[in-house]
**Student:** 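Below: one structure in C-alpha cells.
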Amino acid sequence: FPSHDMKQEQIQIQEKSLKILETYPKQFYKELVVHEIKDVFDMNLPSMAVIKRESGVMTARAVMVMMITDVALFFNTGQNMNQDQVAELSDMILEDYYYLNMADLKLCFKNGKKGSYGKVFRIDGNVVLEWIEKYVEDRLRKADDESYKEHESTKGQKVLIGLEKLYEKFKKDAENS
C-alpha cells in the first residue's frame with residue numbers, strides 16, 4: 001500500500017496539474033505525451049470528475065471539447081462533427097467516463113487516429129464512444145495484469161514476513177516457558 005508521503009506527493013501532482021490545466025489547457029494537452037497505458041498509470045493525473053469538481057463544469061467541458069475537436073479535425077471525411085455534436089459528446093463522456101483522465105483520453109484518441117480500433121470512414125459520437133469502450137477494456141486488462149504482477153512480486157515477501165513473525169512468537173513463547 002502507498003505510504004502517507006507517497007499519497008501526499010500524488011495529491012500535490014494532481015493539484016499542480018489542475019492549476020496548469022486551468023491556465024494553459026491547450027498547451028497542457030499538447031505537451032501530454034502518452035505511448036501506452038502504463039504511462040497513464042504512472043502520470044497520476046486527476047480524473048475528469050476531479051477536474052469537474054475542482055475546476056468547474058465549464059473547465060471540464062472546455063477540455064473535452066478541445067480534445068474531441070482535435071480528433072474531428074484530424075480526419076478529412078467530409079462529414080465532420082458540428083459544435084452541438086461535439087458539446088453533446090463531451091457531456092456524455094464526462095457523465096459516463098468521469099473516471100478517466102486526460103492522459104487516458106489522449107491515448108484513446110491517439111489510438112483511434114492510428115486505426116487501432118478499426119478503420120475510420122466517418123467521425124461522430126458513436127465512433128468516439130466505441131473507441132473509448134475498447135480503450136477501457138484494454139485499460140482494465142492492463143490494470144489487472146499490473147495488479148497480478150505486483151501481487152506475485154510481493155507474495156514471497158509477505159510469506160517471509162509472516163514466517164518471521166511466527167518464529168518471533170515461538171521464540172518469545174519458549175523464553176516465557
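Excluded from the calculations below are hydrogen atoms, water molecules and symmetry mates; all remaining heavy atoms, backbone and side chain alike, are included. For this chain, numbers begin at 1 and follow the sequence in order.
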**Student:** Give the minimum heavy-atom separation between Val127 and Arg122, together with the two atoms involved.
**Tutor:**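 Closest pair (atom of Val127, atom of Arg122, distance): CG2-O, 3.6 Å.
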**Student:** Got a second to check how far Lys106's NZ is from Leu100's CG, nearest 0.5 Å?
**Tutor:**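 One gets 16.0 Å once the value is rounded to the nearest 0.5 Å.
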**Student:** If I compare all heavy atoms of Pro46 with all of Ile51, which pair ends up nearest, and what's the gap?
**Tutor:**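 What the structure gives for the nearest pair is O-CD1, 4.1 Å.
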**Student:** Would you please name every residue forming a side-chain hydrogen bond (donor to acceptor under 3.5 Å, both in side chains) with Asp96, sequence neighbours left out?
**Tutor:**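 Asp96: no side-chain hydrogen bond (donor to acceptor under 3.5 Å, both in side chains) contacts found.
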**Student:** Compare every heavy atom of Ile68 with every heavy atom of Ser90, then report the nearest pair and how far apart it is.
**Tutor:**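 Nearest heavy atoms, Ser90 then Ile68: OG-CD1, 3.4 Å.
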**Student:** How many angstroms lie between atom CE of Met64 and atom CE of Met92, to the nearest 0.5 angstrom?
**Tutor:**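 Going from the CE atom of Met64 to the CE atom of Met92 covers 12.0 Å.
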**Student:** For residues 61-73, which residue pairs pass the salt bridge (Lys or Arg N to Asp or Glu O under 4.0 Å) check, not counting sequence neighbours?
**Tutor:**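 Listed by first then second residue: Arg61-Asp91, Asp70-Lys113.
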**Student:** What are the two closest heavy atoms between Leu107 and Ile37, and how far apart are they?
**Tutor:**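 That closest heavy-atom pairing would be CD2-N, 3.5 Å.
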**Student:** So which atom in Gly112 and which in Val120 form the shortest heavy-atom distance, rounded to 0.1 Å?
**Tutor:**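 Nearest heavy atoms, Gly112 then Val120: O-CG2, 4.0 Å.
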**Student:** How far does CG of Leu89 sit from CG of Leu94, to the nearest 0.5 angstrom?
**Tutor:**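 Going from the CG atom of Leu89 to the CG atom of Leu94 covers 9.5 Å.
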**Student:** Does NZ belonging to Lys110 count more than 12 external heavy atoms closer than 6.0 Å?
**Tutor:**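 Counting other residues, nucleotides and ligands, NZ of Lys110 exceeds 12 neighbours.
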**Student:** Using every non-hydrogen atom in the two residues, find where Ala60 and Met48 come nearest and quote the distance to one decimal.
**Tutor:**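 Here Ala60 and Met48 meet closest at O-CE, 4.0 Å.
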**Student:** Pairs in or reaching into residues 138-147: which pass side-chain hydrogen bond (donor to acceptor under 3.5 Å, both in side chains), with residues at least two apart or in two chains?
**Tutor:**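 Listed once each, the pairs are Asp104-Arg139, Asp138-Arg141, Lys142-Glu146.
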